[in-house]
Undergrad: 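Sharing a structure with you now.
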Amino acid sequence: MPNLLSVQEVDVTSFNELCNSAEAYRTGVPETTPIDTTQQGGLLFFESSTRTRIGFGTAAWQLGVRTVSIYETKVNENMSAAESLPDTIRTLNPYVTFFCIRHPNEGVFDEVVPYTSHPVINAGNGSREHPTQALIDGYTLQHRFGRLEGLSITMLGALRYSRAARSLLKLLAKFNGVNVTGFTEPQLNFTEAEVAAFTKNGNTYQATDNHAWGSEQVVYSAGFPPVTPAGKFSQEVRNRYAITLRTVNRMNEGAIILNPLPRIDEVSKEVDDTPQAHYFAQNELGLFMRKAILARYALKP
Ligand code: CP
């Protein structure tokens, strides 16, 4: 079975099939192909996670498959020396039938893939990629609008350092007529190469640090970590890109606000009760997409 290391590996046909499969799980369509429930997943999280870790554990459990997990252990502390990742993979390889891995190093899969023949799912590697989150975000758009083509999306926050935003831009690049506005500080915008890849087939991208709200259908709040490799940003700067009730009042009335969560202060809590707030619905859809991802990439019938 194939690995899922980058959302680049997911073409439009596969994305549509994943969305259909997620919809079947959401609406309770019975399985046509039973899953071999003797399989077992290894969830290896070397960085904190609530949604992705618990989400894949729950998705596997609902599909009748067990998981074992490592959570934020040896790379950090409590051992005289950290075990190498290849040794961890080689140790667990006989016990599991697939891996789901989050790690702070962008190049982590070079240390994983050579040591296992099992499918590997990327649950987030540094600030580079978060393909399963992008699939959840894409499914949320498909669920809400029935399409990704032609959507007008404002993305804000530390885009350059948000693996969720970077993977979503890569996924959106596969569709036509998508219009993205990057609303952030110039040094936190996507890279020129990322923008060029997104626009090469006719999508449009504009960057601004002074956004005129009103025409967007989707507002993607990517978050704003207190420290990034570009430096530390003041609360004043963070506030400039936070979504408040005042922002919501200036948005297109039918717009939806997405956020991969966790939400820190990039969307104020008073926004939660507005019709535009869609981030907890997005999180709810995540379980069905994670089941679809496991069924497609990790589990044999
Ligand atoms: N969206 C997301 O990746 O959340 P977690 O960090 O809680 O997994």
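Start at 1 with the first residue, then count along the sequence. Whatever order the structure lists ligands and atoms in, that order sets their numbers, starting from 1.
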Undergrad: Could you tell me the residue and atom name of the protein heavy atom closest to atom 6 (O) of ligand 1, and the distance to it rounded to 0.1 Å?
TA: Arg102 NH1, 2.9 Å
Undergrad: Taking only heavy atoms of Thr50 into account, list the atoms of ligand 1 that are under 4.0 Å away from them.
TA: 5 (P), 7 (O), 8 (O)
Undergrad: Output the list of atoms in ligand 1 that are nearer than 4.0 Å to some heavy atom of Gln133, sorted by atom number.
TA: 1 (N), 2 (C)
Undergrad: Less than 4.0 angstrom from a charged side-chain N to a carboxylate O is my criterion; do Glu185 and Arg240 meet it?
TA: yes
Undergrad: For the pair Phe175 and Phe15, name the ring-plane relationship: parallel under 30°, tilted 30 to 60°, perpendicular over 60°.
TA: perpendicular
Undergrad: Can you name the closest pair of heavy atoms from Tyr71 and Glu47 and give their distance?
TA: CE1-O, 3.9 Å
Undergrad: Which of these, Ser48, Ser49, Gly223, Gly124, has its nearest heavy atom closest to atom 8 (O) of ligand 1?
TA: Ser49
Undergrad: Number the atoms of ligand 1 from 1 as they appear, then name those within less than 4.0 Å of a heavy atom of His130, with their elements.
TA: 2 (C), 3 (O)
Undergrad: Using a 3.5 Å cut-off and no angle test, enumerate the donor-acceptor pairs between side-chain atoms of residues 116-123 and protein atoms at least two apart in sequence or in another chain.
TA:
unit_1	atom_1	unit_2	atom_2	d
Thr116	OG1	Asn93	OD1	2.5
Thr116	OG1	His118	N	2.9
His118	NE2	Asn93	O	2.9
His118	NE2	Asn93	OD1	3.3
His118	NE2	Val96	O	2.7
Asn122	OD1	Gly124	N	2.6
Asn122	OD1	Asn125	N	3.4
Asn122	ND2	Leu5	O	2.9
Asn122	ND2	Asn125	OD1	2.9

Undergrad: I want to know if ligand 1 touches Leu261 in the polar sense, i.e. an N/O pair below 3.5 angstrom.
TA: yes
Undergrad: Please determine, by modelled atom types, if Asp36 and Thr38 share a side-chain donor-acceptor pair under 3.5 angstrom.
TA: yes
Undergrad: Considering only the protein, which heavy-atom contact is closest to atom 4 (O) of ligand 1, and what is its distance?
TA: Arg51 NE, 3.0 Å
Undergrad: What class does the angle between the rings of His211 and Phe183 fall in, given that below 30° is parallel, 30 to 60° is tilted and above 60° is perpendicular?
TA: tilted
Undergrad: Geometry only, no angles: is Arg53 polar-contacting ligand 1 at N/O separations under 3.5 Å?
TA: no
Undergrad: Could you point out which residue of Arg166, Lys170, Arg160 forms a side chain to side chain donor-acceptor pair (under 3.5 Å) with Glu194?
TA: Arg166
Undergrad: So, 4.0 Å and heavy atoms of Glu47: is ligand 1 close enough to count as a contact?
TA: no
